[in-house]
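In what follows, a structure is listed as structure tokens, so that the remarks can point back to it.
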Amino acid sequence: MAQIYDRVALIGLGLIASSMFWAMKRGGLAGEVTGFARSAETREIAREIGLCDTVYDDINDAVKGADLVVLCVPVGVMGSVMEQIAGSLKKGATVTDVGSVKRDVIDKVTPHLPDGVHFVAGHPLAGTEHSGPRSGFAELFDNRWCLLVPAEGTTPEPIARLRSFWEGLGANVEEMDADHHDLVVAVTSHAPHLIAYTMVGVADDLRRVTDGEVIKYSAGGFRDFTRIAASDPTMWRDVFLSNKDATLEILGRFTEELFALQRAIRQGDGEHLHAYFTRTRAIRRGIIEAGQDTDAPDFGRGGGNKP
Ligand code: NAP
């Protein structure tokens with residue numbers, strides 16, 4: 001794989017940034033990689049484990065001269081980070097992000113974009129419930145999707161280059177409109193996370209009644225929920241606050257379906273339940289056939305590459 005950018009700056013050094021770094025090294029995609037994280041502790045860990053060629057204590061030093069700047073911070077701070085670095089960006093550079101929400105990030109970032117700098121928003125649909133600089137691995141993006149949402153009026157060259165970069169990191173790339181992106185991920189990721197958080201919260205409330213049995217006898221379904229509900233609280237708080245409309249729309253539909261299933265149970269309508277579960281089973285088959293998960297019986301417990 002050929003080098004795509006001379007200098008790449010990673011802002012935020014958690015799961016996604018560290019996975020990008022190891023995948024960049026694997027593919028030889030960047031001449032030099034610089035990095036910055038908010039806390040001295042994270043920067044120290046990064047230096048210790050060789051995450052980035054140079055880790056800077058000053059965010060502006062990290063982005064100076066970079067051809068690609070990747071914002072790998074929680075979505076709630078993307079705008080203020082962009083504001084901080086705007087004056088240090090090189091003319092002709094591309095700024096991108098990896099945030100899980102696109103409309104809000106684009107609205108907050110683009111007002112600070114200097115003339116001559118491109119912004120192409122991005123979102124790799126890959127992750128784990130782990131966070132921090134030690135949690136990344138080079139294979140995270142292999143055969144997963146990365147969605148690009150170019151700002152209006154962006155010329156084709158920076159988009160094509162970023163596409164090649166993500167392909168070099170192992171991902172399949174598609175372009176999408178911001179609002180459509182936010183609705184799709186509300187269904188596939190954001191609402192399921194909220195439901196998992198709720199289910200684990202309910203079990204925790206019940207703990208007093210069941211005297212620890214929820215943990216002791218935790219079975220497959222609940223364990224899968226706890227894995228998702230262990231995801232980073234800051235990241236997910238920001239996701240719900242910045243993808244408010246789409247998440248509420250999907251949760252509204254979810255509540256209606258839940259009421260319908262509740263009614264079927266109350267009325268003993270087995271036919272309704274059976275037909276519903278047959279339909280949902282087919283979706284799982286579709287995901288496996290699309291190569292987005294394996295049919296292994298330990299789903300959700302063995303591997304790491306499951307957002
Ligand atoms: P993470 O492991 O928690 O890392 C976040 C990093 O951002 C940390 O290095 C943190 O620094 C830094 N940071 C936080 N606030 C900052 C600020 N104001 N200025 C500079 N740095 C700051 O998070 P992640 O999972 O990599 O997520 C990063 C982004 O990727 C988020 O926008 C998220 O929505 C998106 N994403 C996540 C997943 C996933 O499954 N995790 C999947 C796809 C996309 P400190 O360590 O010093 O606090």
Side-chain angles (χ1 to χ4, degrees), residues 9-23 34-49 51-52 55-63 69-86 88 95-106 108-109 112 121-137 140-141 144-149 166 169-171 181-182 184-186 188-190 192-193 196 227-243 247 300 303-307:
L10 298 171
I11 305 302
L13 296 173
L15 169 73
I16 300 296
S18 54
S19 298
M20 289 180 80
F21 176 75
W22 301 120
T34 62
F36 170 83
R38 176 184 50 177
S39 70
E41 190 193 346
T42 298
R43 297 196 295 266
E44 221 23 72
I45 294 171
R47 288 181 185 117
E48 193 187 306
I49 64 174
L51 169 60
C52 295
V55 175
Y56 288 92
D57 290 328
D58 181 321
I59 192 168
N60 287 290
D61 290 340
V63 303
V69 176
V70 192
L71 308 180
C72 306
V73 295
V75 290
V77 294
M78 293 279 184
S80 65
V81 167
M82 182 64 198
E83 190 176 9
Q84 282 178 63
I85 61 173
S88 304
V95 177
T96 186
D97 77 302
V98 295
S100 308
V101 178
K102 294 281 61 93
R103 169 60 60 204
D104 190 68
V105 168
I106 292 169
K108 302 254 164 68
V109 164
H112 306 293
H123 179 200
L125 303 185
T128 74
E129 66 277 27
H130 302 296
S131 52
R134 295 186 198 273
S135 58
F137 51 101
L140 180 65
F141 310 110
R144 308 311 300 267
W145 285 99
C146 179
L147 303 177
L148 296 183
V149 183
W166 273 107
L169 295 175
H181 165 277
D182 288 355
V184 168
V185 294
T188 58
S189 170
H190 302 173
H193 270 80
R227 182 184 63 78
I228 298 172
S231 299
D232 188 70
T234 306
M235 168 186 158
W236 284 97
R237 175 201 63 196
D238 284 10
V239 164
F240 292 120
L241 295 181
S242 54
N243 197 17
T247 309
N305 194 359
K306 300 202 171 67

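Both counts, for ligands and for their atoms, begin at 1 and track the order of listing.
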| Got an N/O contact under 3.5 Å between L13 and ligand 1? | yes

| message | Tell me whether ligand 1 is touched by E41 - counting only heavy atoms on the residue side and a distance under 4.0 Å. | response | no

| query | Nearest to atom 38 (C) of ligand 1 by heavy atom, H193, H130, M235: which? | reply | M235

| said: In this structure, does ligand 1 have an atom that sits under 4.0 Å from one of the heavy atoms of A126? | reply: yes

| Is the shortest distance from a heavy atom of L125 to ligand 1 less than 4.0 Å? | no

| query | Is E129 touching ligand 1 with its side chain, its backbone, both, or neither, if touching means heavy atoms under 4.0 Å apart? | reply | neither

| task | Would you please name every residue forming a ring-ring contact (aromatic ring centres under 6.0 Å, His included) with F240, sequence neighbours left out? | result | W236

| field | Euclidean distance, T188 OG1 relative to W145 CH2, rounded to 0.5 Å | value | 13.5 Å

| field | Partner set under salt bridge (charged side-chain N to carboxylate O under 4.0 Å, His left out) for E44, not counting sequence neighbours | value | R47

| said: Please report the interatomic distance CZ(F21) to CG(L169), rounded to the nearest 0.5 Å. | reply: 12.0 Å

| field | Winner among V75, V98, V73, I16 once heavy atoms are compared against atom 31 (C) of ligand 1 | value | V73

| message | Taking the side chain as everything from C-beta on, heavy atoms only, tell me whether V185 gets closer than 4.5 Å to H190. | response | yes

| message | Just so I know, are the side chains of L140 and I16 near enough to count as touching, which here means a heavy-atom distance under 4.5 Å? | response | yes

